Novice: 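For reference, the structure I am asking about is given below.
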Amino acid sequence: MLKCIEIKNLFGRFNYTLDFEGKNIVILTGPNGFGKSTILQIIDAIANDRLFYLLKIEFDELSFEFIDNENLNKAVSIIREEKRLLINKTEIKLEKSFNEVNKMITDFPWINQIDNNTFEDRRFEKYYTFDELFLRYLYSKGNDIFINSQNRINEIQKIENTLKDIKLLFGEIVLISEQRLIRKQNINKRRNEEVVDVIVNLPEELKKEISKVSEKYSNIANKLDSTYPNRLFKAENGLNSEIEFNDLLNKSKEKFQKLQKYDLVNMSNIEDSKYKSEYATALKIYFDDFAKKYEVFEPLIKKFDLFTSIINARFNFKKIKISKTNGLEVVDQNDENKKISLQQLSSGEKQEIILFYNLIFNTKDNLLLLIDEPEISLHIVWQKMFLDDLLKIIDVTKINVILATHSPQIISNHWDLQIDLGEQYKSGELNSKQFN
């Protein structure tokens, strides 16, 4: 877990110490140009095979402190000099520029960009990240990115091992940038791009999420149903009383309502009836099996409940619905048969759906999530709601968050979570003057 970051001479000017210890959420604030978004980009780049993004940024040193699973302190140091980077004392020689490597990717016909950070050498059907290409080009002769010298191969291997160790310390990190409504994707091997309206793809993405869980449910349900007769004949214990029966029946009704709300499975619940002791054993097996089947859907249902409650609390005259058949759809609040196209929503409504969809469905436990400017296109009332809703999401997903914002409304009443870069800069200037 990331504990602290120290940055020296960012943009040739700023010195920051950012302490994250004991906080699930940290809010970076400060004037434009003080490096809020850049700090998020730096963390994302180092953790996600884009280390050489750092060559586009002026700084002297980056220091990161971590606490690992065994509560041990570990550190990463990155020192920038004119002709080299020192990463935990491992040297990377910078004899070729970032722009040269970008030009190489464009000019070499055998290099095919697959996505933002995956490249194919079509001559040998080998795949590389940008960092891997960069290293090979830095240590190459001429235009050949395949290293023949054993000494150069050893240098590359040492650097890559250092970078792998660093990536393990950072763990999984996801950046949600300020541009959320559209994304660019390659549509052919010539790297021609198309712009995709992100929200249009959400219904299919949700249907895929439901389909994956439904497949797991089917496997468990088939196994339980096929073994039911044998388990019934072997069972020695049943329900103890009518009170236990009524309690389990009421709980199962609540769960069935959830399954029906999202159209997840086609099954029927026990109708209201009086408890009969002669069926005690069969009823116990039934309720136990239903609980096991429901467990498969329960994490997804919790996410559905959270997502719909957050979005519908913001919407006027409309609401979102989730179902196995349609994935995600927007309907009139008073008439669910009246559909509203996702593309008809305002930019603020789209921002909220996409942002919270990513927060709830595209995050994993123990992930470090970086969010840049969550206030974009949001009404002040929605901005004030954001952090409280984010805390609810953290309870469900167990993530850690660093966000950068200009908005005091985003902070709301959570000023204890703020780190203000402007105040750190002023404090540093004052200390410097007093020292001199």
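Please read all numbers here as calculations on a predicted model, not as lab measurements.
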Novice: Kindly state whether the ring of Phe34 and the ring of Phe11 have centres lying under 6.0 angstrom apart.
Specialist: no
Novice: So, Phe130 versus Tyr53, ring centres under 6.0 angstrom or not?
Specialist: no
Novice: Glu375 side chain to His406 main-chain N or O, any donor-acceptor pair under 3.5 Å?
Specialist: yes
Novice: Does any N or O in the side chain of Thr227 come within less than 3.5 Å of the main-chain N or O of Leu224, such that one atom is a donor and the other an acceptor?
Specialist: yes
Novice: Using the side chain to side chain contact (heavy atoms under 4.5 Å, CB included) rule, take Ile399 and Val174 through it: C-alpha gap first, then chi angles, then the decisive distance, then the call.
Specialist: CA-CA 11 Å; Ile399 60 176; Val174 170; over 6 Å; no
Novice: Do Leu345 and Lys318 come within less than 4.5 Å of each other through their side chains, counting heavy atoms only?
Specialist: yes
Novice: In the structure I gave you, are the side-chain heavy atoms of Leu248 and Phe290 within less than 4.5 Å of one another anywhere?
Specialist: no
Novice: Decide yes or no on side chain to side chain contact (heavy atoms under 4.5 Å, CB included) for Phe256 and Tyr294, but give the supporting numbers first.
Specialist: CA-CA 9 Å; Phe256 265 104; Tyr294 184 81; over 6 Å; no
Novice: Passes side chain to side chain contact (heavy atoms under 4.5 Å, CB included), Ile210 versus Tyr262? Steps please.
Specialist: CA-CA 10 Å; Ile210 295 171; Tyr262 301 114; over 6 Å; no
Novice: Evaluate the side-chain proximity of Tyr275 to Leu249: yes if any heavy-atom separation is below 4.5 Å, no if none is.
Specialist: no
Novice: Find out whether Val296 and Asn219 are in side-chain contact, i.e. whether some heavy atom of one side chain is under 4.5 Å from a heavy atom of the other.
Specialist: no
Novice: For Arg13 versus Tyr425, what's the shortest heavy-atom pair and its separation?
Specialist: NH1-OH, 3.5 Å
Novice: Classify the side-chain pair Glu61/Ser77 by whether it contains a donor and acceptor separated by less than 3.5 Å.
Specialist: yes
Novice: Please determine if Glu204 and Lys207 form a salt bridge, counting it only when a charged side-chain N lies under 4.0 Å from a carboxylate O.
Specialist: yes
Novice: Is it the case that atom CD in Glu278 sees more than 12 heavy atoms from other parts of the structure closer than 6.0 Å?
Specialist: yes
Novice: If the condition is side-chain hydrogen bond (donor to acceptor under 3.5 Å, both in side chains), which residues does Arg80 pass it with, not counting sequence neighbours?
Specialist: none
Novice: Nearest 0.5 Å, please: how far is CD1 in Ile92 from CG in Leu163?
Specialist: 5.5 Å
Novice: Search all heavy atoms of Pro203 against all heavy atoms of Leu342 and return the closest pair with its distance.
Specialist: CG-CD1, 3.6 Å
Novice: Can you measure from NZ (Lys258) to CG (Leu264) and round to the nearest 0.5 angstrom?
Specialist: 11.0 Å
Novice: Within 45° of the six-membered ring axis of Phe315 and under 6.0 Å from that ring's centre, is NZ or CZ of Lys319 located there?
Specialist: no
Novice: Donor-acceptor pair, Asn15 side chain versus Asn9 backbone, under 3.5 Å?
Specialist: yes
Novice: Taking Lys23 first and then Asp416, would you say they form a salt bridge - that is, a charged N and a carboxylate O separated by under 4.0 Å?
Specialist: no
Novice: Tell me the closest heavy-atom pair linking Asp305 and Thr308, and the distance in Å.
Specialist: O-OG1, 3.2 Å
Novice: Does the separation of the ring centres of Phe170 and Phe64 fall below 6.0 angstrom?
Specialist: yes
Novice: Look at the side chain of Glu352 and the backbone N and O of Ile311, then say whether any donor-acceptor pair between them is shorter than 3.5 Å.
Specialist: no
Novice: Could you measure the distance from the CG atom of Leu40 to the CD1 atom of Ile402? Nearest 0.5 Å is fine.
Specialist: 7.0 Å
Novice: Using modelled atom types only, decide if a donor and an acceptor are shared between the side chain of Asp247 and the backbone of Ile243 within a distance under 3.5 Å.
Specialist: no
Novice: Evaluate whether atom CD1 of Ile380 has more than 12 neighbouring non-hydrogen atoms of other residues, nucleotides or ligands under 6.0 angstrom away.
Specialist: no
Novice: Could you point out which residue of Phe361, Phe304, Phe386, Phe307 forms a ring pair (Phe, Tyr, Trp, His ring centres under 6.0 Å) with Phe356?
Specialist: Phe386
Novice: List the atom of Lys36, the atom of Pro31, and the distance in Å for their closest heavy-atom pair.
Specialist: NZ-O, 3.4 Å
Novice: With a 4.0 Å cut-off, would you call Asp389 and Arg314 a salt bridge?
Specialist: yes
Novice: Any side-chain to backbone donor/acceptor pair from Asp372 onto Ser37? Under 3.5 Å, distance only.
Specialist: no
Novice: Below 4.5 Å, heavy atoms only, C-beta onward: do Leu421 and Ile39 meet side chain to side chain?
Specialist: yes
Novice: Heavy-atom distance under 4.5 Å between the side chains of Leu85 and Leu55, does that happen here?
Specialist: yes
Novice: Under 3.5 Å, side chain of Glu244 to main-chain N/O of Asn240, donor-acceptor pair present?
Specialist: yes
Novice: Is it the case that over 12 heavy atoms from other parts of the model lie below 6.0 angstrom from the NZ atom of Lys261?
Specialist: yes
Novice: How many angstroms lie between atom CZ of Arg50 and atom NZ of Lys56, to the nearest 0.5 angstrom?
Specialist: 8.0 Å
Novice: Give a yes or no answer on whether the side chain of Asn312 reaches the backbone of Ile320 with a donor-acceptor pair at less than 3.5 Å.
Specialist: yes
Novice: Give me the atom names and distance for the closest heavy-atom approach of Ile411 to Thr29.
Specialist: CD1-CG2, 3.7 Å
Novice: Applying the side chain to side chain contact (heavy atoms under 4.5 Å, CB included) criterion to Leu51, which one of Ile78, Thr129, Ile166 satisfies it?
Specialist: Ile78
Novice: With a 6.0 Å cut-off (strictly less than), is the heavy-atom count around NZ of Lys339, excluding the residue itself, greater than 12?
Specialist: yes
Novice: Does Leu328 reach the side chain of Ile199, with side-chain heavy atoms less than 4.5 Å apart?
Specialist: no
Novice: Using the ring centroid of each side chain, check whether Phe119 and Tyr128 are separated by less than 6.0 Å.
Specialist: no
Novice: With the threshold set at 4.0 Å, does a side-chain nitrogen-carboxylate oxygen contact exist between Asp388 and Lys392?
Specialist: no
Novice: For Thr325 and Asp263: C-alpha separation, side-chain torsions, deciding distance, then whether side chain to side chain contact (heavy atoms under 4.5 Å, CB included) applies.
Specialist: CA-CA 8 Å; Thr325 304; Asp263 187 30; 3.1 Å; yes
Novice: Does a side-chain N-to-carboxylate-O contact under 4.0 Å join Lys303 and Glu209?
Specialist: no
Novice: To the nearest 0.5 Å, how far apart are CD1 in Ile87 and CG in Asp165?
Specialist: 11.5 Å
Novice: Do the side chain of Asn48 and the main chain of Ile173 share a donor and acceptor less than 3.5 angstrom apart?
Specialist: yes
Novice: Return the minimal non-hydrogen interatomic distance between Gly171 and Ala47, and the atom names on each side.
Specialist: O-CB, 4.4 Å
Novice: OG1 of Thr363 to CG of Asn400: how many Å apart, nearest 0.5 Å?
Specialist: 11.0 Å
Novice: In the structure I gave you, are the side-chain heavy atoms of Asp121 and Ile111 within less than 4.5 Å of one another anywhere?
Specialist: yes
Novice: Under a 3.5 Å threshold, yes or no: a donor from one side chain and an acceptor from the other, between Asn88 and Thr162?
Specialist: no
